[in-house]
Amino acid sequence: MKWTGFFAAQLEREAPISRRVLERVPEGRPDWKPHEKSMPLGYLAQLVATMPGWVAMAVLQDELDLKPPGGGGYKPPATDTNARLLAAHEDLVAKALGALRSTTDAHLATPWKLLVGGRVVSEQPRHVVVADTFTHLAHHRGQLTVYLRLNGAPVPSVYGPSADDARF
């Protein structure tokens, strides 16, 4: 199997799982966090919703500067309501699938750079960046399910049943 097909199939499996988690995010608590060192609920939910966009960036752009000289840089879409959160997720999943379906394995073997202030902090083949994005997404989605539990929201089935959702 080619990388492009493998990653597209993985995204098609993972996106509905992320959507189930995002559907349960309680509104009106964007600043809530379980500990002073934890990220806020709103930021974490936005991160989970928008991470599929990282796949498209890794395919379509040669680099991303998190703090480009002169300012500007990546601006995530508005996710201040559940409707916007889910819409952003669906849009970025579609863009990621489109990028994967329109590229080649040869392109995924080319380097991609992450920069901060014009300085390269990571340079990896694109297929590594895409694979790492899925791992990173699973980590933060799991973190988000803990936030759901702590806020009294029902936790959906992810890779198996939860105490609130018996589907497997």
Side-chain angles (χ1 to χ4, degrees), residues 1-25 30 33 38-69 71-148 156 158-159:
M1 176 181 272
K2 294 182 178 184
W3 282 331
T4 54
F6 176 82
F7 290 136
Q10 186 173 8
L11 184 56
E12 288 171 334
R13 285 189 312 274
E14 293 292 320
I17 296 169
S18 294
R19 181 177 179 78
R20 285 197 302 270
V21 173
L22 292 166
E23 287 171 341
R24 309 286 177 96
V25 172
K33 46 189 184 172
S38 300
M39 65 178 74
L41 173 62
Y43 178 79
L44 179 58
Q46 178 184 69
L47 188 58
V48 170
T50 60
M51 283 179 105
W54 297 10
V55 173
M57 274 194 273
V59 173
L60 301 173
Q61 298 174 205
D62 291 331
E63 61 188 38
L64 172 66
D65 195 327
L66 295 175
K67 293 183 180 180
Y74 174 75
K75 299 285 186 243
T79 56
D80 55 335
T81 66
N82 284 65
R84 285 183 173 177
L85 191 66
L86 294 168
H89 181 254
E90 296 302 318
D91 178 57
L92 292 168
V93 166
K95 286 180 179 170
L97 286 170
L100 287 168
R101 290 177 178 146
S102 66
T103 195
T104 65
D105 281 8
H107 180 68
L108 292 182
T110 64
W112 187 85
K113 296 177 188 174
L114 179 65
L115 299 95
V116 176
R119 186 175 60 87
V120 176
V121 295
S122 178
E123 184 173 349
Q124 298 286 334
R126 293 169 201 268
H127 68 87
V128 172
V129 175
V130 172
D132 286 353
T133 296
F134 285 108
T135 305
H136 202 139
L137 172 60
H139 161 73
H140 284 302
R141 187 176 58 209
Q143 186 180 15
L144 184 55
T145 64
V146 173
Y147 279 41
L148 295 180
V158 175
Y159 295 118

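Side chains are part of it too, since the values below use all heavy atoms of this structure and drop only hydrogens, waters and symmetry mates.
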Margin query: Could you measure the distance from the CD atom of E14 to the OH atom of Y159? Nearest 0.5 Å is fine.
Written below: 3.5 Å
Next item on the list: Determine whether E90 and R19 make a side-chain contact, defined as any pair of heavy atoms from C-beta on separated by less than 4.5 Å.
Entry: yes
Notebook entry, point to check: Does a side-chain heavy-atom distance below 4.5 Å link V21 with V48?
Noted result: no
Next item on the list: Taking S102 for its side chain and A99 for its backbone only, find out whether a donor-acceptor pair lies under 3.5 Å.
Entry: yes
Margin query: Using every non-hydrogen atom in the two residues, find where L144 and A45 come nearest and quote the distance to one decimal.
Written below: CD2-CA, 4.1 Å
Notebook entry, point to check: Do the rings of H136 and W54 sit parallel, tilted or perpendicular, given the 30° and 60° boundaries?
Noted result: perpendicular
Note to self: Looking at K33, I'd like to know if its NZ atom is crowded, meaning that more than 12 non-hydrogen atoms belonging to other residues, nucleotides or ligands lie closer than 6.0 Å.
What the structure shows: yes
Notebook entry, point to check: How about R24 and R20: do any of their side-chain heavy atoms sit closer than 4.5 Å?
Noted result: no
Margin query: With a 3.5 Å distance limit and no angle check, can you tell me whether R126 reaches the backbone of W112 through a side-chain donor-acceptor pair?
Written below: no
Margin query: Could you measure the distance from the OG1 atom of T50 to the CG atom of D91? Nearest 0.5 Å is fine.
Written below: 11.0 Å
Notebook entry, point to check: Shortest non-hydrogen contact from A49 to L92?
Noted result: O-CD1, 4.4 Å
Check: So do R84 and P77 actually touch side chain to side chain, heavy atoms under 4.5 Å?
Finding: no
Check: Heavy-atom distance under 4.5 Å between the side chains of H89 and L85, does that happen here?
Finding: no
Notebook entry, point to check: F7 and V55: side-chain contact (heavy atoms from CB on, under 4.5 Å), yes or no, with the steps?
Noted result: CA-CA 9 Å; F7 290 136; V55 173; 5.9 Å; no
Notebook entry, point to check: Quick check: does any side chain N or O of D65 sit under 3.5 Å from a backbone N or O of G73, one acting as donor and the other as acceptor?
Noted result: no
Notebook entry, point to check: How many angstroms lie between atom CG of L22 and atom CD of Q46, to the nearest 0.5 angstrom?
Noted result: 11.0 Å
Checklist line | Shortest non-hydrogen separation from K75 to G72 and the atoms involved | finding: NZ-O, 3.9 Å
Notebook entry, point to check: Rounded to the nearest 0.5 Å, how far does NZ of K2 lie from OG1 of T103?
Noted result: 11.0 Å
Checklist line | Close side-chain approach of M39 to L47, heavy-atom, < 4.5 Å | finding: yes
Check: Who pairs with D132 by side-chain hydrogen bond (donor to acceptor under 3.5 Å, both in side chains), at least two apart in sequence or on another chain?
Finding: none
Notebook entry, point to check: Are the side chain of D105 and the backbone of T4 linked by a donor-acceptor contact shorter than 3.5 Å?
Noted result: yes
Next item on the list: Drop me the distance from R119's CZ to L114's CG, to the nearest 0.5 angstrom.
Entry: 10.0 Å
Next item on the list: Taking all heavy atoms of A8 and all of L97, pick out the closest pair and write down the distance.
Entry: O-CD2, 3.6 Å
Note to self: Could you tell me if the side chain of L11 sits less than 4.5 Å from the side chain of F134, heavy atoms only?
What the structure shows: yes
Check: What closest approach, in Å, do P30 and P40 show between heavy atoms, and which atom pair accounts for it?
Finding: O-CB, 3.2 Å
Check: Is it true that a side-chain atom of H107 and a backbone atom of V59 form a donor plus acceptor pair closer than 3.5 Å?
Finding: yes
Item checked: L44 and Y147, any side-chain heavy atoms less than 4.5 Å apart -> yes
Next item on the list: First locate atom CH2 of W3, then atom OG1 of T104, and finally report the distance between them rounded to the nearest 0.5 Å.
Entry: 10.0 Å
